[in-house]
There are 2 protein chains.
Amino acid sequence: MKKKPTTIKEIARKLRLSPSTVSRALNDHPSIGLVTTMRVKKVAEELNYEPNQTAIFFKQRRTFTIGVILPSLSEPFFSSAISEIENVAADHNYTVLMGQSRDDAARELQIIQTFKKHRVDGILMSLGKNTEDLSFIELLKEAEIPIVFFDCVPKIDGVNKVFSDLSSGMREAIQSFASIGHKNIALINGPEGLLASQERMEAYKLALANEGLVYSDKYMVETDLTEQGNIQAIDRLLALPDRPSAIVSFNDFVTLDVIKHVRQKGLVQKKDIYFISYANYPLWKYMENPPMGSIEQYPDQQARRAADILFQNIEAKEQLAPESIVFKSKLILK
Amino acid sequence: MKKKPTTIKEIARKLRLSPSTVSRALNDHPSIGLVTTMRVKKVAEELNYEPNQTAIFFKQRRTFTIGVILPSLSEPFFSSAISEIENVAADHNYTVLMGQSRDDAARELQIIQTFKKHRVDGILMSLGKNTEDLSFIELLKEAEIPIVFFDCVPKIDGVNKVFSDLSSGMREAIQSFASIGHKNIALINGPEGLLASQERMEAYKLALANEGLVYSDKYMVETDLTEQGNIQAIDRLLALPDRPSAIVSFNDFVTLDVIKHVRQKGLVQKKDIYFISYANYPLWKYMENPPMGSIEQYPDQQARRAADILFQNIEAKEQLAPESIVFKSKLILK
DNA sequence: TTGTAGGCGTTATCAA
DNA sequence: TTGATAACGCCTACAA
């Protein structure tokens, strides 16, 4: 069904040269005479010759392709990451193969298999929320395909990872709240199962202690991150006899729902109640009444750094020691 | 540097069989005995055999890969498109190669070349803002690589395209404004050079006429889409003796800047001044005081449809007649 | 049921 | 300076 593109052989036949000569001429090999080189290139041009990369990939055992596996391509965090990854890859003359796991571990494995079959030169990955089985890391190691994790990274040692330290931002958030007199500071956390939730919880407790505030269970509520869950969570807090005056929440989306809800209840932000959350989505800038702050995690910088490490590994002759890079999260006051 | 993965030959040697037998056994060829097949598969498993796709691609002249070229991966419009494209591709057992043109025509061409060299089976593309030279379409046609454009599509005939009819949304917007008594309705348009701007302008004029309103040059201002440009544009309108009471703008980002600016000037939305713009970004839902409406262009549906058409073309034996699909844009009142 | 041989397009090695 | 040959890994028509 597909017409065969021009090959070196055809050029060779046309010029009564051997394919090897043509190949060398096209690659500007020094041993080939200038005249021949010119003749070859001219005919190649005429016939619209284009080297068959699939043949070259096959022969060279390199595809100049990296695979990227993300939970979602449509979330702002990941889309700014992927955008930056594509930039870095392009600088290295690499192409990017995309896979979306949708937080499905089975799908994640399938994508890894596909990438492996495609013989990608390396993989960048952010784990899905439910991924438990990390045995694919061993498989990739055996195949000598370097992998660098970022954002949601495995807890184990011995792998390349770039991730964000949530605690620095949390500390700054609690500090900010405390410095303007808040005592009852709550956390609306994500689902218990998530590593990201555990980290926030620990950071929250530490940060409270740091300010000499006591932790209380009642100020730690959970949401399943749906709109309904978010509203239930804030309602639970508002129902408390000594309701919190300041709230850190899992991410900006939670805060958006929550702000909307408390507004409907007649509470005024930065007067009756204060908010800070993770992500620092650009829209805050436009809000009439934004939350007090948001904690930036620098997805693009994380992604760039991860890509840099990946390319170092791809280009290295030797196996490199695994790197573990931590980006401090940072409170941005609005 | 890279350890060689197991090949069919090694399995064959180990079992004292011929490579062809092994190949057939692995592919469940009916002529091979059950026993042999089992033995082969067992050894393959033990040796972690994985077929070398690059060899297969090379031989089969199909890569089960599509290329996607977008101006940006980080814009919400495109990231929801790419997400949907990945879904469709995964359903077809295809992998997605990504390229970001950043509205640079040269880079666009380079990506196309790369994709062509990679022998992708098809291409989905949204043109950059400045793309003039469409000769690559001919090149792809010669190479018999199907291409489907979406969102920002070429004006020419004879190509597959899926795009949005901006005028339906504009008509609804002007209608809405007119129905609540607005007479002076302005348009903050994008740069003159953009097709998207031209379309909005025409739609705007038509829609005005449709409501029996007269078009006036002074109510049509342009922005370069920077924050500064957006503010200058609205200031020009506000400075008019009979300033407009309702404004349609190029997209939601423009409106965000403009809303913020007029708020600072003490104007109250939906009282002193009304807004509608294109894109329907989800954040409106959370705004305390959102614009009157936003015009949805359904990026995910466009993308899905474009991908469907691409796969039809890839799977077709014959060359299919080019399709041109128009999605009506639709005003969503807030 | 299994083996042999050839080829996909390119390039590297060796020979001329 | 150029050519012949082999090889990358897999598949398949043909032969046994």
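Naming: A, B, ... by sequence-line order, numbering from 1 per chain. Just so it is clear, the values below take in all heavy atoms, side chains as well, and ignore hydrogens, waters and symmetry mates.
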Note to self: Keeping A:Asn160 on the side-chain end and A:Glu323 on the backbone end, is there a donor-acceptor pair under 3.5 Å?
What the structure shows: yes

Item checked: Ring centre gap for B:Phe64 and B:Tyr94 strictly below 6.0 Å -> yes

Next item on the list: Kindly say if B:Thr21 contacts the phosphate of C:dG3, meaning a side-chain N or O under 4.0 Å from OP1 or OP2.
Entry: yes

Next item on the list: Apply side-chain contact (heavy atoms from CB on, under 4.5 Å) to A:Arg39 and list each qualifying residue two or more places apart in sequence or on a separate chain.
Entry: A:Leu15, A:Leu17

Check: Mind checking whether A:Phe78 and A:Phe150 have parallel, tilted or perpendicular rings, split at 30° and 60°?
Finding: perpendicular

Next item on the list: Indicate the atoms forming the closest heavy-atom contact of A:Phe115 with A:Leu97, along with that distance.
Entry: CZ-O, 3.7 Å

Checklist line | B:Lys14 with B:Glu10: basic N within carboxylate O range, under 4.0 Å | finding: no

Item checked: Nucleic acid contacts - residues 30-42 of chain A versus DNA chain D, non-hydrogen atoms under 4.0 Å -> A:Ser31, A:Ile32, A:Gly33, A:Thr36

Note to self: Within the 4.0 Å limit for protein heavy atoms, which parts of nucleotides 9-16 of chain C are touched? Write it as a string from 5' to 3', B for base, S for sugar-phosphate only, - for none.
What the structure shows: BBBBB---

Checklist line | Ion pair B:Glu86/A:Arg107, N-O distance below 4.0 Å | finding: yes

Check: What pairs with B:Lys41 under salt bridge (charged side-chain N to carboxylate O under 4.0 Å, His left out), at least two apart in sequence or on another chain?
Finding: B:Asp28

Checklist line | Whether B:Thr36 side chain and B:Ile32 backbone form a donor-acceptor pair below 3.5 Å | finding: no

Notebook entry, point to check: So how far off straight is the helix from C:dT1-D:dA16 to C:dA16-D:dT1, going by the axes through five pairs at either end, to 10°?
Noted result: 50°

Next item on the list: State, with a plain yes or no, whether a side-chain heavy atom of B:Leu310 is found less than 4.5 Å away from one of B:Ile66.
Entry: yes

Notebook entry, point to check: Are any side-chain N or O atoms of B:Asp151 and backbone N or O atoms of B:Pro299, one a donor and one an acceptor, separated by less than 3.5 Å?
Noted result: no

Next item on the list: Specify the closest pair of heavy atoms between B:Pro5 and A:Arg119, including all atoms of both residues, with the distance to one decimal.
Entry: CG-NH2, 3.6 Å

Notebook entry, point to check: Nucleotide range of DNA chain D contacted by chain A, 5' to 3', under 4.0 Å to a heavy atom?
Noted result: D:dT1 to D:dG9

